[in-house]
Amino acid sequence: MLRTNTCGELKLVNKNEKVTLSGWVQRTRDLGGMTFIDLRDRYGITQLVFNMETNPKLCEAARKLGREFVIKVTGEIAERINKNLKLATGEIEIVVNDLEVLNTSKVPPFTIEDNTDGGEELRMQYRYLDLRRNVNRDNLKLRHLMAIETRKYMTSQDFIEIETPYLIKSTPEGARDFVVPSRMNAGQFYALPQSPQTFKQLLMVAGYDKYFQIVKCFRDEDLRADRQPEFTQIDCEMAFVEQDDVLNAFEGLAKHLFKTIKGLNVDDFPRIQYVDAMKYYGSDKPDLRFDMKFVELNDPAKGKGFQVFDSAELVVGINAEGCGGYSRKQLDKLTDFVRKPQIGAKGLVYIKCNNDGTFKSSVDKFFGQEELNRLAKQFNAKPNDLILILAGEKNRTRKALCELRLEMGSRLGLRDPNVFKPLWIVNFPLLEWNEETQCYHAMHHPFTSPKKEDFSMLENTPGEVRANAYDLVINGVEIGGGSIRIHNKQLQQRMFKLLGFTEEEAQSQFGFLMNAFEYGAPPHGGIAFGFDRWVALFAGTDSIRDVIAFPKNNAGRDVMIDSPSAISDDQLKEIHMRLDFNE
RNA sequence: GGUCACGUAGUUCAGUUGGUUAGAAUGCCGGCCUGUCACGCCGGAGGUCGCGAGUUCGAGUCUCGUCGUGACCGCCA
């Protein structure tokens, strides 16, 4: 037998038991006359003790063991003379009388410790060693628990998990598809799904009125810390529902996860209109852990002769409470921050609210004390507050101020990763104007239904039509999004036309869906959650790579197995492909 | 497609204005040590400064290119 117990479970109550343990050598402490070894497995660490006086041969063998050797030991559980309360098994140790090396190990390229000395690159290359560390094991365990709790909750609500295919059909809307050549059908390709969207709608037509799936999705786009080419969604769909039914159902799932995973009872989630989120936070995924709402200043700020304000489409600011003491240098740094190309503001106007009730501003030349006071009142600013104002084109300025708001939130320590502020953003626009292609495209996806009361605007002002679409946002992270779908062939056709599809294109790409709508499609809607992001959020990390066992780097490469890689000429021939690119 | 940062010992990093033999910590190897638990103490080995070109009397340091890694913009229904 290779083991009778794990390295995390033996306690004082097991004293004098004879046990066999197997695991990895975490560390040896050779004191000369005696040697201690920390033996590690997934469950914990147990101390082994070898004594030169009682068993010199065995003790010599133990001294030769290197880090990460795999060993099997048999011995008796003894109470420690010096207990280590930092360790779950710290009250006992194993007095070893038999030692077998199951496998040796090269010296690992970095230490398998909580505070490892290994850098990102190296740890990715030796991911199987990195995964031995506690932080990764805890993250993967958290991921597992969240998946289990999701399945438990969904099952309790009568949802059933149904698998949908991975080899499907390429369609133009949305992200770039990963594509798979077909051997049996020369010149034709499958695509990997960007999501099971159309299949789950077909399941609704089929009468499976509560569906979910924890499922891989694939998008061939450039990566970020929170984006992988393959990622996991909690994909859900319901029939006979309206927007509120969906929000309530999945607010239930979110609350269940907060409760069971984080032990938190969270309040009902606020529901914020898309237009309000943009107006007050400059973002469709506001971080509500802190307030610092935007205050628009077009009326009071214009007409004072300050060209920047007078010519701006929008003048808008925030109040950074308690920052009135910022030095010139600190303010310059903030100005540099907003002028970075990614932020894109031209400059930053400040108003310092001095403790004596006076104001100091970068636009003193144009605004007297009284006028500054009037501006400050709009923010409910108190002495020692700092008002920061940006001006310019509306969308750009809001986006820049959003970044500045988050930066100030971070500086003021208002973005505690242990605090969670979920909310719904509702009533997204149906369409978005794309400058590049000079046409509208669906903001969510082309199956999203417009608001009934906005139908009349579809012909003349389609940009103003609102959709039955919603996002779940937690702490400034978009965790999920969905919509009430179109279930009527005529409306779906009209939608495709609006998006610039010809009738033939729509038919060849989505005919299967529209045909299905002719056979009694029920009203339906759903949502999909970014599972990796949700786990990352609960794990307190910014990068979803930390919660994926074998992630890819930001060029889409797996540096451990070295993929993607070339394939042989024979393989190419089999799939009827010839390469055509410059090396 | 673009912007920025980084690349020096196994590893993580420092390295001044361009100037003698490139340092520290940790890991590794050897020795001592009977209650350690980040054990301690003593000693040792370990470097194509990512790669290529250029400037210079002289380059880890400056310039250009290139490769790798990370972050971001575009992109991601």
Side-chain angles (χ1 to χ4, degrees), chain A residues 26-40 45-54 56 59 63-64 66-68 78-87 89-91 93 95 106-126 129 171-177 193-195 197-198 217-229 231 340-344 399 403 428-432 434-436 440-448 467 469 471 478 481-483 485 495 499 528 530 542-543 545 552-555 557 559:
Chain A
Q26 174 77 22
R27 177 178 286 124
T28 59
R29 288 178 294 280
D30 179 358
L31 273 59
M34 61 194 316
T35 289
F36 298 98
I37 289 180
D38 289 339
L39 189 68
R40 184 196 73 238
I45 283 179
T46 298
Q47 177 167 288
L48 314 177
V49 60
F50 299 85
N51 196 308
M52 214 51 155
E53 219 159 72
T54 53
C59 197
R63 292 168 79 162
K64 291 202 177 70
R67 278 164 50 208
E68 301 305 311
E79 185 169 358
R80 287 204 203 180
I81 295 166
N82 287 336
K83 296 189 170 124
N84 182 354
L85 298 178
K86 281 184 270 180
L87 219 56
T89 62
E91 291 193 292
E93 61 196 358
V95 182
K106 284 164 82 167
V107 174
F110 52 89
T111 56
I112 315 291
E113 303 278 352
D114 289 353
N115 285 316
T116 181
D117 60 6
E120 183 86 8
E121 196 177 338
L122 199 65
R123 285 187 290 119
M124 280 303 167
Q125 197 183 334
Y126 294 91
L129 295 181
T171 57
E173 267 278 323
R176 202 174 289 115
D177 282 322
Q194 297 173 26
S195 86
Q197 183 60 35
T198 49
C217 302
F218 306 86
R219 291 177 193 174
D220 187 7
E221 295 291 347
D222 288 0
L223 307 180
R224 292 286 188 279
D226 63 349
R227 275 195 244 154
Q228 284 273 299
F231 60 99
K340 283 195 299 189
Q342 309 93 287
I343 310 287
K399 195 180 154 211
E403 296 294 339
F428 275 82
L430 182 70
L431 302 165
E432 219 171 10
N434 186 327
E435 284 295 334
E436 212 173 295
Y440 283 106
H441 73 250
M443 193 152 179
H444 185 53
H445 58 47
F447 317 109
T448 299
D471 274 0
E478 183 196 328
S483 62
R485 326 298 183 189
M495 192 67 196
L499 295 171
D542 288 330
S543 175
R545 285 175 214 172
K552 292 175 177 56
N553 74 8
N554 66 356
R557 299 200 65 87
V559 294

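Lettering follows sequence order; numbering is per chain, from 1.
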Which nucleotide in the set [options] lies at the smallest distance from any side-chain heavy atom of [X]?
X        : options             : answer
A:Arg227 : B:C37, B:C73, B:C75 : B:C75
A:Arg29  : B:U26, B:C37, B:G35 : B:C37
A:Asn553 : B:U12, B:U36, B:U69 : B:U69
A:Gln47  : B:U69, B:G35, B:G10 : B:G35
A:Val107 : B:A38, B:C28, B:A71 : B:C28
A:Met34  : B:U36, B:G35, B:G74 : B:G35
A:Glu120 : B:C33, B:C76, B:G70 : B:G70

Take atom [atom1] of [X] and atom [atom2] of [N], then tell me their distance rounded to the nearest Å.
X        : N     : atom1 : atom2 : value
A:Asp226 : B:G70 : CG    : C1'   : 14 Å
A:Arg224 : B:G74 : CZ    : C1'   : 8 Å
A:Glu221 : B:C75 : CD    : C1'   : 5 Å
A:Met52  : B:C33 : CE    : P     : 9 Å
A:Leu31  : B:G31 : CG    : P     : 16 Å
A:Ile81  : B:U34 : CD1   : P     : 14 Å
A:Ile37  : B:C39 : CD1   : P     : 13 Å
A:Glu113 : B:U12 : CD    : P     : 16 Å

For [N], which nucleotide in any strand shown is its Watson-Crick or wobble partner with both distances under 3.5 Å?
N     : answer
B:C4  : B:G70
B:G58 : none
B:U63 : B:A53
B:U36 : none
B:G43 : B:C29

Taking any heavy-atom pair under 4.0 Å as a contact, classify [X]: base, sugar-phosphate, or nothing.
X        : answer
A:Arg80  : base
A:Ala555 : nothing
A:Asp220 : nothing
A:Phe110 : nothing
A:Pro446 : base
A:Val559 : sugar-phosphate
A:Thr35  : nothing
A:Lys106 : nothing
A:Gln125 : nothing
A:Ile45  : nothing
A:Asn115 : nothing
A:Arg545 : sugar-phosphate

Say we look at [N] and [M]: how far apart would their [atom1] atoms be, to the nearest angstrom?
N     : M     : atom1 : result
B:G30 : B:A24 : C1'   : 22 Å
B:A53 : B:G47 : C1'   : 23 Å
B:U48 : B:A22 : P     : 13 Å
B:A14 : B:A25 : P     : 16 Å
B:C28 : B:G19 : C1'   : 34 Å
B:C42 : B:C33 : P     : 16 Å
B:A71 : B:C29 : P     : 34 Å
B:U56 : B:U11 : P     : 35 Å

Indicate whether OP1 or OP2 belonging to [N] is found under 4.0 Å from a side-chain N or O atom of [X].
X        : N     : value
A:Asn51  : B:U34 : no
A:Lys340 : B:C73 : no
A:Arg27  : B:C39 : yes

Toward the 5' end of RNA chain B, by each residue's nearest nucleotide, A:Val49 or A:Thr28
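That would be A:Val49.
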In terms of the nearest nucleotide of RNA chain B, which residue is placed more toward the 5' end: A:Asn434 or A:Asn554?
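In this pair, the answer is A:Asn554.
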Would you call A:Arg29-A:Asp38 a salt bridge at under 4.0 Å N-O?
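Result for this pair is yes, salt bridge flagged.
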I'd like to know if A:Glu93 pairs up with A:Lys83 as an ion pair, taking the criterion as any Lys NZ or Arg NE/NH1/NH2 lying under 4.0 Å from an Asp or Glu carboxylate oxygen.
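No, no charged N to carboxylate O under 4.0 Å.
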Measure the shortest side-chain to side-chain distance between [X] and [Y] over non-hydrogen atoms and say whether it is less than 4.5 angstrom.
X        : Y        : value
A:Gln342 : A:Lys399 : no
A:Glu121 : A:Val559 : no
A:Leu431 : A:Leu499 : yes
A:Gln194 : A:Glu221 : no

Tell me if a side-chain donor or acceptor on A:Thr28 pairs with a main-chain N or O of A:Gly66 at a distance below 3.5 Å.
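Absent.
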CG/A:Asp542: more than 12 non-hydrogen atoms of other groups inside 6.0 Å
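Atom CG in A:Asp542 is not packed in, count stays at 12 or less.
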Can you tell me how far apart OG1 (A:Thr111) and CG (A:Leu129) are? Round to the nearest 0.5 Å.
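It comes to 11.0 Å.
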Does any N or O donor sit under 3.5 Å from an N or O acceptor when you compare the side chain of A:Glu93 with the base of B:G35?
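Yes, the side chain and the base share a sub-3.5 Å donor-acceptor pair.
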